[in-house]
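Working notes, structure below.
The figures here come from the full heavy-atom set of this structure, side chains too, leaving out hydrogens, waters and symmetry mates. The sequence lines fix the lettering, A, B, ..., with proteins before strands; numbering per chain opens at 1.
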There are 2 protein chains.
Amino acid sequence: MGRKRIRDIRNKELIEATIVAVHRHGYGVVTMAEIAQEAGASAASINYYFGSKEGLMEATMRHLLTKLKVAMIQGYTGTKTPKERLYAVMDANFADDLYTVERCSIWMQFWANAPYSPRLSRLHRINRARVRSHFLAELSQLLTADQVEPARQALQCYMDGVWLQAAQSDQSVDPKTARAAAHQVVDLVIR
Amino acid sequence: MGRKRIRDIRNKELIEATIVAVHRHGYGVVTMAEIAQEAGASAASINYYFGSKEGLMEATMRHLLTKLKVAMIQGYTGTKTPKERLYAVMDANFADDLYTVERCSIWMQFWANAPYSPRLSRLHRINRARVRSHFLAELSQLLTADQVEPARQALQCYMDGVWLQAAQSDQSVDPKTARAAAHQVVDLVIR
DNA sequence: AAATATTTTTTGAATGATCATTTAAGTTTT
DNA sequence: AAAACTTAAATGATCATTCAAAAAATATTT
């Protein structure tokens, strides 16, 4: 029973601490000691659980990606039309617990650093491909073949851009407004 | 005459080397030695010219911002209509010598790190404000008051998102296609 | 239950490596 | 000669990671 408990608890604690610490100090310069302090643990324990700093970063990103994936899958249930599913993708990306300055900031940090880490790079590629295929599947039912790719590009770039702006924002962001705006952009793109 | 020559030459060389080195290694981890090697100089000489690593980074970003600003001002000459000027803003951002994987990658690095450096942060804010005001000036002549801000948001996010995608790309990107796509997005947004 | 053994978890301190910056001594240019 | 430029080497600081030993939890035996 208790076999896996502590390990799971620590994993979660350390990943949450990583998110906070990366947001606070920046991915490139955050130290193990800062993360450990945030979690109320020691730097050595991070290596005990994750093997290395890079291992921790990968686990943290994996955790965030999973959340996004789950949000998208949940959003799909109950949708009937392609348009509704496009809305759902947007809604998942701008969900209340994902579209915050802190989360967007983390994403941005990972994006910027993914090209220099094979492990992060791989995760990033997988996520991007999934979003892409979702968009393509729905858009191809709504537009002519030659319109699909430009429309996907427009939607996906818009989505990324909004996150990027949120990451730069010094005030807090409003998920509800973001979702409404995103719906309007979907409407624009599919005519 | 020659008073400033060498200094100017070294400044340029070191900034170019910084761009290459940051793209190659990442902003967070690139070392003075790597930049110096790229420029065929010594790490000590960078401090002689720029005072510190952060000074070099700021100068590099300032250099890139100036290029963008010049491209935008040049693009404006000869434009007659608001729509043409919106096209011009897009064309400047996706100009042949600015919209490359390498350049976009550098931008991305700076974006991600700006929040943690007051000097970078300041530059970033200035640039963003300029782009914003350009968009607003033109859009307010084409749309009703309540449509302006959503449209600006859509265009600016799209622009940022395209750069972000380019930064992640492993192939090279095509500026001409990007400009054409951007024009289409402008058309969509202003009806 | 108590005592003991075993495994898992935790961390302080050492290790070793990296790196920005400074300094002092040269070299080149003016 | 003076000023500007250049860099090798020294400095000092930071940090991820390792290690050994302790503490805590769990399992086993009495």
Just jot down the salt bridge (charged side-chain N to carboxylate O under 4.0 Å, His left out) partners of B:Lys69, sequence neighbours excluded, or say none.
none
List the atom pairs, with distances to 0.1 Å, where a side-chain N or O of residues 13-22 of chain A and a protein N or O form a donor-acceptor pair under 3.5 Å, not counting sequence neighbours.
residue	atom	partner	partner atom	Å
A:Glu13	OE1	A:Arg10	NH1	3.1
A:Thr18	OG1	A:Leu14	O	2.6

Can you list everything that forms a ring-ring contact (aromatic ring centres under 6.0 Å, His included) with B:Tyr27? Sequence neighbours excluded, please.
B:Phe110
Is a side-chain donor-acceptor pair under 3.5 Å present for B:His183 with B:Asp91?
yes
Test side chain to side chain donor-acceptor pair (under 3.5 Å) applied to A:Arg122 - qualifying residues, sequence neighbours left out:
none
ring-ring contact (aromatic ring centres under 6.0 Å, His included) with B:His134: which residues, sequence neighbours excluded?
B:Tyr76
If the condition is salt bridge (charged side-chain N to carboxylate O under 4.0 Å, His left out), which residues does B:Arg125 pass it with, not counting sequence neighbours?
none
Could you go through nucleotides 10-12 of chain C and list every protein N or O atom that sits under 3.5 Å from one of its N or O atoms, giving the distance for each pair?
residue	atom	partner	partner atom	Å
C:dT10	OP1	A:Arg10	NE	2.6
C:dT10	OP1	A:Arg10	NH2	2.8
C:dT10	OP2	A:Tyr49	OH	2.5
C:dT11	OP2	A:Ser42	N	3.2
C:dT11	OP2	A:Ser42	OG	3.3

Mind checking salt bridge (charged side-chain N to carboxylate O under 4.0 Å, His left out) for A:Asp174 and listing every partner two or more places apart, or none if nothing turns up?
none
Between CZ of A:Phe50 and C1' of D:dA16 the distance, given in whole Å, is 16 Å
Taken in chain and number order and not counting sequence neighbours, the residues that satisfy side chain to side chain donor-acceptor pair (under 3.5 Å) with B:Thr60 are none
Expected output is a numbered-order residue list: members of residues 12-27 of chain B with a heavy atom under 4.0 Å from any atom of DNA chain C. What is it?
none
Contacts of type side chain to side chain donor-acceptor pair (under 3.5 Å), residue B:Glu38, not counting sequence neighbours:
B:Arg24
Give every pair of a protein N or O atom and an N or O atom of nucleotides 16-20 of chain C that lie under 3.5 Å apart, one pair per line with the distance.
residue	atom	partner	partner atom	Å
C:dA20	OP1	B:Met32	N	3.3
C:dA20	OP1	B:Lys53	NZ	3.1
C:dA20	OP2	B:Met32	N	3.0

